[in-house]
Trainee: 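Structure in structure tokens, see below.
What you see is a predicted model, and the numbers here were worked out from it, not measured in a lab. We count ligands from 1, going down the list as the structure has it; atoms in each ligand are counted the same way.
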Amino acid sequence: MHLIILGPHGAGKGTQAKLVAQHYKIAHISTGDILREHIKNKTNVGIKAKEYIAASKYVPDKIVDVVVVLKLRNNKEGFVLDGYPRTLVQAEFLNNVLRELGIELDAAINLQVDKEELIKRMIKRGQKEKRTDDTEEGIRSRMNEYETKAEPVIKYYRGMGKVIDINGDQSIEKVFKDIKEILDKLER
Ligand code: AMP
């Protein structure tokens, strides 16, 4: 199975991607995790990516695209991509790479959450964990960046008939159950 998972920061994308990967025995490819690993290992990619991540900005497409291609090549049998594509340019790039690898995308899982609820939850978390990047202003600015850039990505996959909309405002278990129900139908 070859999947993408979409949704704003804080919607539970990473949690669901992990559950999906475990259940369907496919690779969980998280660009955020990969970039953090590069930063830890002080690679060239890590050195370049660090300043963007520290400033809560998107890492340039050219850098992210390179690390993704490597991971896709090594996990051709199946994967769930988490945190990529985040822009239309990345989505188009991914489409070309998948075509070259002879892979057809099965679905783009779109986790839908109520924006104001999510913002409230993130502010609470920020206060509890004393995170400096989780001020209301920071959260709203990240959410706006997500919306502006993700909308065309979702539209792109809708046009391809690949989007599965999932209500993300439910328990972890219920969200996963909803995802599984639809993916199981696709597999048959
Ligand atoms: P995440 O763990 O998915 O929230 O990613 C952490 C950070 O890594 C993001 O805030 C971005 O700076 C960077 N990042 C991860 N994936 C991408 C991507 N597809 N495009 C650009 N930047 C990314």
Trainee: Looking at ligand 1, does any of its N/O atoms fall within less than 3.5 Å of an N/O of Tyr52?
Mentor: no
Trainee: Is the closest N or O pair between Gly83 and ligand 1 shorter than 3.5 Å?
Mentor: yes
Trainee: What's the shortest distance from atom 23 (C) of ligand 1 to any protein heavy atom, and which residue and atom give it?
Mentor: Arg86 NH1, 4.0 Å
Trainee: Centroid separation under 6.0 Å, is that true for the rings of His9 and Tyr146?
Mentor: no
Trainee: After noting the C-alpha distance and the side-chain angles of Lys149 and Glu145, does the key distance pass the salt bridge (Lys or Arg N to Asp or Glu O under 4.0 Å) rule?
Mentor: CA-CA 6 Å; Lys149 294 193 169 150; Glu145 178 168 34; 3.0 Å; yes
Trainee: Among all protein heavy atoms in this structure, tell me which lies nearest to atom 8 (O) of ligand 1, with the distance rounded to 0.1 Å.
Mentor: Ile53 CD1, 3.5 Å
Trainee: Among protein heavy atoms, which sits nearest to atom 21 (C) of ligand 1, and what does the distance come to when rounded to 0.1 Å?
Mentor: Val59 O, 3.2 Å
Trainee: Tell me which one of Glu51, Lys57, Arg36 gets a heavy atom nearest to atom 2 (O) of ligand 1.
Mentor: Arg36
Trainee: For the CD1 atom of Ile29 and the CG atom of Leu72, what is their distance to the nearest 0.5 Å?
Mentor: 5.0 Å
Trainee: Within ligand 1, which atoms have a heavy atom of Thr31 less than 4.0 Å away?
Mentor: 15 (C), 16 (N), 17 (C), 19 (N)
Trainee: Could you check whether any heavy atom of Arg142 sits closer than 4.0 Å to an atom of ligand 1, since that is the contact criterion I want to use?
Mentor: no
Trainee: Quick one, Gln16 and Ile172 - any side-chain contact, counting heavy atoms below 4.5 Å?
Mentor: yes
Trainee: Could you walk me through whether Glu136 and Arg140 pass the salt bridge (Lys or Arg N to Asp or Glu O under 4.0 Å) check?
Mentor: CA-CA 6 Å; Glu136 177 159 358; Arg140 283 195 187 274; 3.0 Å; yes
Trainee: Atoms of ligand 1 less than 4.0 Å from Val64 heavy atoms?
Mentor: 18 (C), 19 (N), 20 (N), 21 (C)
Trainee: Consider side chain to side chain contact (heavy atoms under 4.5 Å, CB included). Of Val67, Val64, Val45, which one does Val59 pass it with?
Mentor: Val64
Trainee: Might you work through the salt bridge (Lys or Arg N to Asp or Glu O under 4.0 Å) test for Asp33 and Arg36, ending with a clear yes or no?
Mentor: CA-CA 5 Å; Asp33 286 351; Arg36 281 185 286 273; 2.9 Å; yes
Trainee: Should you measure from each heavy atom of His9, which atoms of ligand 1 turn up under 4.0 Å away?
Mentor: 4 (O)
Trainee: So, is Gln90 polar-close to ligand 1, with some N/O to N/O distance under 3.5 Å?
Mentor: yes
Trainee: Passes side chain to side chain contact (heavy atoms under 4.5 Å, CB included), Met1 versus Phe79? Steps please.
Mentor: CA-CA 7 Å; Met1 193 137 37; Phe79 55 77; over 6 Å; no
Trainee: Any atoms of ligand 1 less than 4.0 Å from a non-hydrogen atom of Leu35? List them with their elements.
Mentor: 8 (O), 13 (C), 14 (N), 15 (C)
